[in-house]
Protein chains: 2
Amino acid sequence: MSADLPKDRAPSIRDVARLAGVSHQTVSRVLNDHPSIRETTKARILQAMEELQYRPNQAARALSKGRSRTIGVLTASSAQYGPARSVAAIEDAARRQGYFVDTANLGVADPAAIEDALEHLLDQAVEGLVIIAPQERVFDVLERLDIAVPYVSLQSTGKHDLRALAADQILGARMATRHLIDLGHREIVHLAGPQDWNEAEARMRGFLLEIDDADLMTNPPILGDWSADFGYFAGQELLRSRDFSAVFAANDEMALGLLHALHDARLSVPGDVSIVGFDDVPVASHSWPPLTTVHQDFDGIGRLAFATLLREMGTGVEVPTAPIAPRLVVRGSTGPVPVSRLPLLKRY
Amino acid sequence: MSADLPKDRAPSIRDVARLAGVSHQTVSRVLNDHPSIRETTKARILQAMEELQYRPNQAARALSKGRSRTIGVLTASSAQYGPARSVAAIEDAARRQGYFVDTANLGVADPAAIEDALEHLLDQAVEGLVIIAPQERVFDVLERLDIAVPYVSLQSTGKHDLRALAADQILGARMATRHLIDLGHREIVHLAGPQDWNEAEARMRGFLLEIDDADLMTNPPILGDWSADFGYFAGQELLRSRDFSAVFAANDEMALGLLHALHDARLSVPGDVSIVGFDDVPVASHSWPPLTTVHQDFDGIGRLAFATLLREMGTGVEVPTAPIAPRLVVRGSTGPVPVSRLPLLKRY
DNA sequence: TGCTCGCATGTGCACGGTCACAATTGTGAG
DNA sequence: CTCACAATTGTGACCGTGCACATGCGAGCA
């Protein structure tokens, strides 16, 4: 049969309808599996679809239903392990529910860039937004633009939404700090993340809360930029200027850089200094010594974020969710305060 | 004025037209900046748009023009640094050109999952595809489905497209291997990536070519899975079974795991064994010792991929492209063959 | 037998843009 | 002042799908 002449447009429901000898509406009903369709008719239509290699046109569907089935993901530094992993998980979960994911990466996060990225996502008529690794500025813009779609944010402090995830950050930081205190450390330095990141701020908060609970003193944390390079330089600086026996770094990368600086200075870890990181990136267990850190279930966080967003969007779909708990993973980079160090402490 | 009654639908060009006192077509002309429009009219329309907070509906545009302005990115293991970074670069470049990016991550890469992910992207009527970190199977599926849109692939071997990028992988591997040979190493082991990844295969090819050019012998490479954990176990196994003075790992993660194994065995790097990685991930410079590796410009690769795709898609837009060259970064993990080792070699 | 009811299917239009093709207005030459 | 022609603007159809609202048809019942 030469029923399918060149016709370069992709086949539409009408083409399918013609081939199956029904009206386009009946075909549409099959697509949305409407209950009242005779089995034989349905079979005939399905076969016609198969024959024509029919693929529903999402744009047309979006236009007519007013729903795009697309969600947007706004992410800063998506090349970092944690965010990247969560994005992948979100994408996966979304695809499973038939949603498309449109991403926008923020390089520099000046308000103009943020607005630009958001506009881009809104242009696509996203039905919801996931904000990853949010900085306060992002929420300012979000509020200023008066976004019409629901959004959730990962790893925030609960200021704007998801309390559950927020608790994790603070709790995780407390666990890390507690671990060091339990080992006898009294002079603990916090190598913090950039404070305009809610996530970094929450971790610092957890650190300070735990220090406070233990009635310890601490110098103001060092504000870093998440990078291993910064960790390295901060380490050099610390060695020059402060006395301390342990460091809690706000993420693994900085912890690894710090480790490097300590090696350079011929100091032993954990002999002279103990180090704890945060995130448990895959290489954390292979540094020398292996890094004690706080494990985060990034996949779970991503899935939870999507599930929460789905609920927020008021779709009927309810995806089961479970709260995400951080987990302290003790490896070789932490140990008791060295005896040799105890007298030193008396100086203060 | 209460011209804007509730009317919950978003404003359309017709609403704008009414407010500006022109026809919808004139508004459309403004959107596509058609040349012949009186300046005063244009200004009036722009103001009306502003007033109504008008935002063009992409779905409608896609429907009527038959173009979605969307490209798809198919990626395996997008949580890895390199791919993640390239994806971000692609996304950025695409956004700049007004394109949307839809991503699909491959967890396990069985043909069914690949097909599923591709179908998902095609459902969105993507105009082009970027395949990242391709495995041969992906291309099989791609060919079987007889995809109608152009695609480019990152870091392939040139079998399917982009020769320029392919050369990089082989060249980079040769540079790494050459470096070890120049240092006097004769027994070099290659810790390869999974061979169904074209990228891994290319690196192995580069290694073998260089070994061959130097008239050296080598045992068959060890086939890994890219992970640091694998590098660690491979290291333990190597120490038990083989004699060697240097290892070229197909990526940094495996190299770091290997480093860990050597530390565990109390071997010195580079005193006893030299190690080279591939990728130059951010922590590579902070391992102990800092890792000698082959730097790849992932951002550049991403941009190049998008530019190439744009050309492939036959859009008028020409984005300037520059070939990407790998760069050997010599750090502390490589050094001359230890004298103590030379006699040992005679045994073979 | 005639009537109601529910299932299965069909008809026509709306969604918000773009396109092809008028229709109108403005401009300069003869 | 008229006409040809360009510049500007308007009209109506169409893209592929879903919705509201018929319509046809057989079963059940009085």
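Labels below follow one simple rule: chain letters A, B, ... track the order of the sequence lines, proteins then strands, and each chain is numbered from 1.
- Side-chain N/O atoms of A:E91 and B:N105 include a donor and acceptor closer than 3.5 Å.
- Between B:I13 atom CD1 and D:dC15 atom C1' there is a gap of 14 Å when expressed in whole angstrom units.
- With sequence neighbours excluded, no residue satisfies side-chain hydrogen bond (donor to acceptor under 3.5 Å, both in side chains) with B:D102.
- The 12-atom threshold is not exceeded at CD of B:Q47, counting heavy atoms of other residues, nucleotides or ligands nearer than 6.0 Å.
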Report summary line: Nucleotide by nucleotide, nucleotides 23-28 of chain D touches protein heavy atoms under 4.0 Å in the pattern (B base, S sugar-phosphate only, - none) ------
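- The pair B:R67-B:E127 counts as a salt bridge, with a side-chain nitrogen and a carboxylate oxygen less than 4.0 angstrom apart.
- Shown for residues 20-32 of chain A: residues whose heavy atoms fall under 4.0 angstrom of DNA chain C, namely A:V22, A:S23, A:H24, A:Q25, A:T26, A:R29.
- For B:R67 and C:dG17, the CZ to P distance is 17 Å, given to the nearest whole Å.
- For the pair B:R44 and B:K65, nearest-nucleotide mapping onto DNA chain D gives the more 5' position to B:R44.
- Nearer to the 5' terminus of DNA chain D, by closest-nucleotide assignment, is the contact made by B:R14 (compared with the other of B:R14 and B:L63).
- Between B:I132 and B:V130, the closest side-chain pair of non-hydrogen atoms falls below 4.5 Å.
- In this structure, CD1 of B:I45 is placed 12 Å from C1' of D:dG10, rounded to the nearest angstrom.
- The nearest pair of heavy atoms linking A:L74 to A:A117 is CD1-CB, 3.7 Å.
- The side chain of A:S64 has D:dT17 as its nearest neighbour among D:dT17, C:dG16, C:dC7.
- When each of B:R61 and A:S36 is assigned the nucleotide of DNA chain C with its nearest heavy atom, A:S36 is the one assigned upstream, toward the 5' end.
- Under a 3.5 Å cut-off, the side chain of B:T41 and the backbone N or O of B:I37 do not form any donor-acceptor pair.
- In terms of the side chain to side chain contact (heavy atoms under 4.5 Å, CB included) criterion, residue partners of A:D92 (sequence neighbours excluded) are, by chain and number, A:R95, A:R96.
- Overall, the helix from C:dT1-D:dA30 to C:dG30-D:dC1 carries an axis bend of 50° between its ends, with five pairs at each end and the value rounded to 10°.
- B:D140 is linked by a salt bridge (charged side-chain N to carboxylate O under 4.0 Å, His left out) to nothing, counting only residues two or more places apart in sequence or in another chain.
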